[in-house]
Amino acid sequence: MQLYDHQVKCLDETQNKNRVAYYLDMGLGKTYVGSEKMVQLGAKVNLVVCQKSKINDWCEHLKNNYEFGQLIVADLSNKKQWDVFFKYLEHQTNFTSHCLFVGVINYDLIWRRPKLATLTDFTLMLDESSLIQHETSNRTKFITKKLHPDNVILLSGTPTGGKYETLLSQINLLGWNIKEDLFWNQYIDWEWNETDDGFWQKKINGYKNVDRLKRKLRQHGCVFLKTEEVMDLPEQMDIKINIPITKEYEDFRKNDIVVVDGQELVGENLLTQMLYQRQLCSMYNPNKIEAFKDLVQSTEDRLVVFYNFNDELDALMQVANECQRPFGAVNGSHKNPEMLYPQHSILFVQYQAGAMGLNLQLANKIIYFSPPLSSELFEQSKKRIHRIGQKETCFYYYLVCKNSIEQSIYNTLSKRKDYTDKLFVNDI
């Protein structure tokens, strides 16, 4: 497999390490570096954990870049391939000593497959390793407590999402067994803060000793690489399109209840208030639908459109049909990014399903129909078109309802923060 110079350099820097993390900016080819490191480590058994939407991509990548006699690949979310994979392991002595067995499974399924905890002498590779940042989640507890790999490969473009306190699970997998209290005291500027409910919680003011932290991480096999250190990618242009809010939005903001399109929306608590305000800005806002239609009609170029809700997708597809544009979707039910190949096509991408990992550099224009709440998904989504192979200037169109929750969300995302903290609810 032919690698770029920066990818070879990453492998050279970690040549003598069996626990590594390739924190490469999105678009620099973490998949290629990770798979090549896995082959170099040479463990007979290998387990790749990724998002559900990436299972097929990983299987195809491994099958297309390595010979069958070198790798035997199985999709472990498929029962038949699961059975075949473990049958191979039982009879692996019948295969050449150079043959590696690779099972690919998604994060949401791995903890439901306790048999994986019986694997021994294996390499564990986590694609988008930032997904194990919550130490109390089932996936994180299973991966960090139940699995006992000999080798570890972590891949991520945004390992912390700007929050160093979420690194601990990854750090421990790399063999740096620092305790949580010590980690917080050495690297996080925090204090106890009393909430309105009378509870005490940690409030993070910032971070300290960051250079020392990165130095320690490098000692434990971490490689950090930004796009600008490697190559000159095309310019990125942000274009904000202001959309007026509707009377229904104003009524809901005042009264926490409104009827729109025959649906009664009741904001019973902060979460439902936030949800319905977001929906009133998008799928229940004809002004935004019309603005999206104007954008589609203004260009014959390929378009990538990010959205949140299924009802948004219904409205967006209706516009695509009216404009006679070919389209496809990447979401929990569909994944056909190849629909971006035809000229004039539109690909609708739901954040959770496609903000990470897709190679969409055939397009150079993204439309944000509605914003996500996650800073990591937002940053990752931008890189779907701004990556190796992109030759054109990348344009990002943000359809933003003026004086609404959407303005608050985008302001929060611009600070690399998630819009989930109650501190930001007051901005609604």
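In this text, all values refer to a predicted model and were calculated from it rather than measured experimentally. Hydrogens, waters and symmetry mates are skipped; everything else that's a heavy atom, side chains included, is used.
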Kindly write out the residues that satisfy salt bridge (charged side-chain N to carboxylate O under 4.0 Å, His left out) with E379, not counting sequence neighbours, or none if the list is empty. K382, R416
Pairs flagged by salt bridge (charged side-chain N to carboxylate O under 4.0 Å, His left out) wherever residues 52-76 is involved - sequence neighbours left out: K54-D57, D57-K335
Pairs involving residues 12-56, ordered by first then second residue, that meet ring-ring contact (aromatic ring centres under 6.0 Å, His included) (sequence neighbours left out): Y23-F224, Y32-H61
Taking only residues two or more places apart in sequence or in another chain, which ones pass side-chain contact (heavy atoms from CB on, under 4.5 Å) with V266? I257, E264, E268
Write out all pairs satisfying salt bridge (charged side-chain N to carboxylate O under 4.0 Å, His left out) with one or both partners inside residues 344-369, taking only residues at least two apart or from two chains. D301-K365
Suppose we screen for side-chain contact (heavy atoms from CB on, under 4.5 Å). Which residues come up paired with D211, at least two apart in sequence or across chains? none
Check for me whether K216 meets the cation-pi criterion with W176, that is, NZ or CZ under 6.0 Å from the six-membered ring centre and within 45 degrees of the ring axis. yes
Using a strict cut-off of less than 4.0 Å between a Lys/Arg side-chain nitrogen and an Asp/Glu carboxylate oxygen, indicate whether E406 and K288 qualify as a salt bridge. yes
Can you name the residues that form a salt bridge (charged side-chain N to carboxylate O under 4.0 Å, His left out) with E312, not counting sequence neighbours? none
With sequence neighbours left out, what residues match R139 under side-chain contact (heavy atoms from CB on, under 4.5 Å)? Y107, D108, W111, L131, S137
Find the distance between CD (Q15) and CD (Q40) and round it off to the nearest 0.5 Å. 7.5 Å
Who pairs with K79 by salt bridge (charged side-chain N to carboxylate O under 4.0 Å, His left out), at least two apart in sequence or on another chain? D83
Listed partners of D25 passing side-chain hydrogen bond (donor to acceptor under 3.5 Å, both in side chains), at least two apart: T227
What residues, two or more places apart in sequence or in another chain, satisfy side-chain hydrogen bond (donor to acceptor under 3.5 Å, both in side chains) together with Y351? none
Can you classify the ring geometry of Y410 versus Y398 as parallel (below 30°), tilted (30 to 60°) or perpendicular (above 60°)? perpendicular
Could I get the full list of side-chain contact (heavy atoms from CB on, under 4.5 Å) partners for Q2, not counting sequence neighbours? none
Is the positively charged end of K203 above the ring of W192, judged by distance under 6.0 angstrom from the centroid and angle within 45° of the axis? no
